[in-house]
Amino acid sequence: MVNIAIFASGNGSNFENIIQEINNGHVNNAVCKVLIIDKEHAYAKERAEKLHIPCVYVNPKAYAGKEPYEQEILSILKEHQVELIVLAGYMRFIGKVLLESFPRRIINLHPAYLPNFPGAHSIQDAYEAKVDFTGVTVHFVDEGVDTGEIIHQEKITIDSTWSLETLEDHVHALEYDIFPKVIKHVCKMIESEEA
């Protein structure tokens, strides 16, 4: 079993989906030890309460900079013996403290077919660019913006009649499908490294 921590900033729908996939046995090699949020009123917190997952709010504004903020997070991760960090709608860049403590052990879900449309508004960017396809990518996190090594990605062909909301629905459906599978795969890699 691999101990994971999930980081979220907002709604937490991907967080909840991952926990449900763990609970129903589809991701049978991971256990979520803690949810870390950086926004006090993130709806993810309410989801965590319902799912009986410990949730810790770490306020970035309470620290002098990214390093002390991440040191605080690191101490929480150590306390929970976390082996893998899963970013599920976490809207902050990961800094040196966590990158050095978790090499190739931080994964991110990005709602686009990287390297196309990195950054915060990728679904809208793809929609406004009127491209033929977008997708979902899960990648390891490095110092760059959505530049880490790609673990898995899938395409969505965009129908020209779709609204932005329809495209968002298709992207989210694909996220819910592939992210738990990739987490399971990465946990297998970690277990084989440790065996």
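Worth saying up front: this structure is predicted, and the values here are computed from it rather than measured.
- Judged by distance alone, the side chains of T161 and D159 do bring a donor and an acceptor atom under 3.5 Å apart.
- A salt bridge is absent between E79 and K33: the closest approach of a Lys/Arg side-chain nitrogen to an acidic carboxylate oxygen does not fall below 4.0 angstrom.
- Residue A112 comes nearest to N116 through the heavy atom pair CB-O, 3.5 Å, listed as atom of the first residue, atom of the second, then distance.
- Contact record, P180 with V27: O-CG2, 3.5 Å, taken as the closest heavy-atom pair.
- Under the 3.5 Å distance criterion, with hydrogens and angles disregarded, no donor-acceptor pair is assigned to the side chains of Q124 and H121.
- Neither side chain, S163 nor Y127, offers a donor N or O lying under 3.5 Å from an acceptor on the other.
- Classified by interplanar angle (parallel below 30°, tilted 30° to 60°, perpendicular above 60°), the ring pair F7/Y90 is perpendicular.
- Looking at N108 and H110, their side chains never bring a donor and an acceptor atom within 3.5 Å of each other.
- Counted within 6.0 Å of CG on N24, heavy atoms from surrounding residues, nucleotides or ligands total more than 12; the atom is thus considered enclosed.
- Using a 4.5 Å heavy-atom cutoff, the side chains of I73 and I36 are in contact.
- One hydrophobic cluster holds both I123 and I178 under the rule that ILVMFWY side chains link at heavy-atom gaps under 4.5 Å.
- When every heavy atom of C55 is checked against every heavy atom of A48, the shortest pair comes out as CB-CB, 3.9 Å.
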Practice item. Could you please spell out the steps behind the side-chain hydrogen bond (donor to acceptor under 3.5 Å, both in side chains) verdict for Y176 and S13? Key: CA-CA 9 Å; Y176 300 155; S13 61; 2.8 Å; yes
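- Between L74 and S101, the shortest heavy-atom distance links the atoms CD2-OG, 3.4 Å.
- Note that CG of L99 and CZ of F140 are 12.5 Å apart. Values are rounded to the nearest 0.5 Å.
- The shortest heavy-atom contact between A30 and I4 is CB-CG2, 4.3 Å.
- Of the possible polar contacts, none joining the T134 side chain to the A126 backbone as a donor-acceptor pair under 3.5 Å is found.
- For the residue pair E154 and H152, a side-chain donor N or O sits within less than 3.5 Å of a side-chain acceptor on the partner.
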**Study point:** Check against salt bridge (Lys or Arg N to Asp or Glu O under 4.0 Å), E149 and R104
**Key:** CA-CA 9 Å; E149 179 194 332; R104 284 177 64 84; 2.4 Å; yes
Exercise for review: List the steps, then state whether side-chain hydrogen bond (donor to acceptor under 3.5 Å, both in side chains) holds for Q81 with N3.
Suggested key: CA-CA 7 Å; Q81 298 175 319; N3 293 340; 4.6 Å; no
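- Residues N11 and R47 form a side-chain contact, since some pair of their non-hydrogen atoms from C-beta on lies under 4.5 Å apart.
- Placement of I18 and I151 within a single hydrophobic cluster is found when ILVMFWY residues are connected by side-chain heavy-atom separations under 4.5 Å, directly or transitively.
- The backbone N or O of L98 sits less than 3.5 Å from a side-chain atom of E70, completing a donor-acceptor pair.
- Under the 4.5 Å side-chain heavy-atom criterion for ILVMFWY residues, no single connected hydrophobic cluster contains both V2 and I106.
- Connection of I150 to V182 is not established within any shared hydrophobic cluster, with ILVMFWY side chains joined at heavy-atom distances below 4.5 Å, either directly or through further cluster members.
- Under 4.0 Å is where a charged nitrogen must lie from a carboxylate oxygen, and between R105 and E193 at least one such pair does.
- Minimum interatomic distance between N29 and C187 (heavy atoms only, all atoms of both residues): ND2-CB, 3.5 Å.
- Of the possible donor and acceptor atoms, one in the side chain of T137 sits under 3.5 Å from a partner among the backbone N and O of L114.
- Not one N or O on the side chain of S9 forms a donor-acceptor pair closer than 3.5 Å with the backbone of D38.
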